[in-house]
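All remarks here apply to the structure that follows.
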Amino acid sequence: MSQLHVIDHPMIQHKLTIMRDKNTPSSTFRELLYEISLIMGYEVTRDFPLEDVEIETPMEKTVQKRIAGKKVAIVPILRAGLGMVDGLRALIPVARIGHIGLYRDEVTHKPVPYYCKFPKGIENRMVIVTDPMLATGGSACDALDLIKEHGCKDIRLMCLVAAPEGIKAVQEKHPDVDIYVAAVDRCLNENCYIMPGLGDAGDRIFGTK
Ligand code: PRP
Ligand code: URA
């Protein structure tokens with residue numbers, strides 16, 4: 001069974017409350033999503049292996065630690081997942097970026113694919129999939145299917161707000177994928193929106209409503 005990591009650091013809870021507020025403007029929403037993604041990134045990478053390296057400080061030679069060659073790909077689910085890329089990339093500047101385009105059909109609430117582009121050799125990288133909203137889990141599950149079809153084995157899913165329904169769906173279909181979220185909300189409404197949630201993440205990031 002995949003592990004659920006709820007990263008409820010006080011700074012994240014504080015910033016997320018501001019994001020949820022319907023009066024928060026798009027520019028602030030984007031800035032806070034960047035900041036939360038950066039903080040969450042520390043937890044998503046917590047188990048990265050380290051190796052010894054000999055260096056020379058201005059004082060003497062010493063053996064210190066560095067990340068042991070973990071190669072990373074960040075794969076946002078378009079559009080809203082894009083809002084989490086820059087924060088993660090600030091932490092892992094050498095990460096390659098792939099893109100998966102999916103939108104939820106407004107009537108069926110099922111994901112519709114429209115774009116997919118991955119960096120070469122993605123199968124040898126640890127993949128962090130980003131999407132602020134995990135509602136029914138349909139988009140995340142389809143994205144994870146696609147990534148696995150390309151041979152990836154070490155995959156993590158990083159979301160901001162999740163509904164219990166979405167977590168269950170991912171855990172059932174992708175038990176090997178750990179899920180990182182800042183909050184688990186109450187439920188979905190009749191339109192499959194997360195309650196209390198923060199509304200439509202894509203629209204709030206890009207100001208399209
Ligand atoms: C939102 C969100 C997720 C999806 C979550 O995207 O960013 O991708 O819905 O819902 P699910 O868990 O029920 O699949 P949306 O389809 O609104 O597209 P957008 O990011 O382009 O706005
Ligand atoms: N997509 C969103 O952007 N918000 C939700 O609450 C559910 C799906």
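Whatever order the structure lists them in is the order used to number ligands and atoms, beginning at 1.
- At a threshold of 4.0 Å, the pair Glu43-Arg46 counts as salt-bridged, since one of the basic side-chain nitrogens sits closer than that to a carboxylate oxygen.
- In terms of protein heavy-atom proximity, atom 5 (C) of ligand 1 is nearest to Met133 O, 3.4 Å.
- Scanning all protein heavy atoms for the shortest distance to atom 6 (O) of ligand 2 gives Ile194 N, 2.8 Å.
- Counting the atoms of ligand 2 from 1 in the order shown, those under 4.0 Å from a heavy atom of Ala135 are 7 (C), 8 (C).
- Regarding atom 17 (O) of ligand 1, its nearest protein heavy-atom neighbour is Asp200 OD2, 4.0 Å.
- The heavy atom nearest to atom 20 (O) of ligand 1, considering only Gly202, Ala80, Gly81, is found in Ala80.
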message = The test is side-chain hydrogen bond (donor to acceptor under 3.5 Å, both in side chains); show your working for Arg204 and Thr24 and say whether it passes.
response = CA-CA 9 Å; Arg204 295 199 64 186; Thr24 296; 4.6 Å; no
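- Salt bridge Arg20/Asp185: present, at least one basic N to carboxylate O contact under 4.0 Å.
- Those atoms of ligand 2 that come under 4.0 Å of a heavy atom in Ala201, given as number and element, are 2 (C), 3 (O).
- Within ligand 1, counting atoms from 1 as listed, the ones closer than 4.0 Å to a heavy atom of Tyr103 are 16 (O).
- Protein heavy atoms are found less than 4.0 angstrom from atom 13 (O) of ligand 1.
- Salt-bridge annotation for Asp131 and Arg79: absent, with no side-chain N of the basic residue lying under 4.0 Å from a carboxylate O of the acidic one.
- The distance criterion of under 3.5 Å between nitrogen or oxygen atoms is met by Gly199 with respect to ligand 2.
- Under the 4.0 Å criterion applied to side-chain N and carboxylate O atoms, Glu51 and Lys65 are not assigned as salt-bridge partners.
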Inset, instruction - Kindly indicate, with the supporting measurements, whether the criterion side-chain hydrogen bond (donor to acceptor under 3.5 Å, both in side chains) is fulfilled by Asp178 and Ser2. - result: CA-CA 5 Å; Asp178 274 11; Ser2 75; 5.1 Å; no
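- At a 3.5 angstrom cut-off on N or O pairs, Asp131 counts as close to ligand 1.
- Both the sub-6.0 Å distance and the 45° axial angle are not jointly satisfied by Arg104 relative to the ring of Tyr114.
- With a 4.0 Å cut-off on non-hydrogen atoms, Cys192 touches ligand 2 through its backbone and not its side chain.
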| Step by step, would you call His174 with Asp145 a side-chain hydrogen bond (donor to acceptor under 3.5 Å, both in side chains)? | CA-CA 8 Å; His174 296 282; Asp145 282 341; 3.2 Å; yes
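- When the heavy atoms of Ser139, Ala201, Ala163, Pro111 are ranked by distance to atom 4 (C) of ligand 1, first place goes to Ser139.
- A salt bridge links Lys15 with Glu35: at least one charged nitrogen is closer than 4.0 Å to a carboxylate oxygen.
- Around atom 16 (O) of ligand 1, the closest heavy atom drawn from Glu165, Arg104, Lys209, Arg79 belongs to Arg104.
- Counting only heavy atoms of the protein, atom 5 (C) of ligand 2 lies nearest to Tyr193 CD2, 3.3 Å.
- Salt-bridge annotation for Asp176 and Lys153: absent, with no side-chain N of the basic residue lying under 4.0 Å from a carboxylate O of the acidic one.
- Proximity of Thr136 to ligand 1, defined as any heavy-atom pair under 4.0 Å, is shared by backbone and side chain alike.
- For atom 1 (C) of ligand 1, the nearest protein heavy atom lies 4.0 Å or farther away.
- In this structure the side chain of Met133 reaches within 4.5 angstrom of the side chain of Val161, judged on heavy atoms.
- Ligand 2 does not have Arg204 within reach: every non-hydrogen atom of the residue lies 4.0 Å or more from it.
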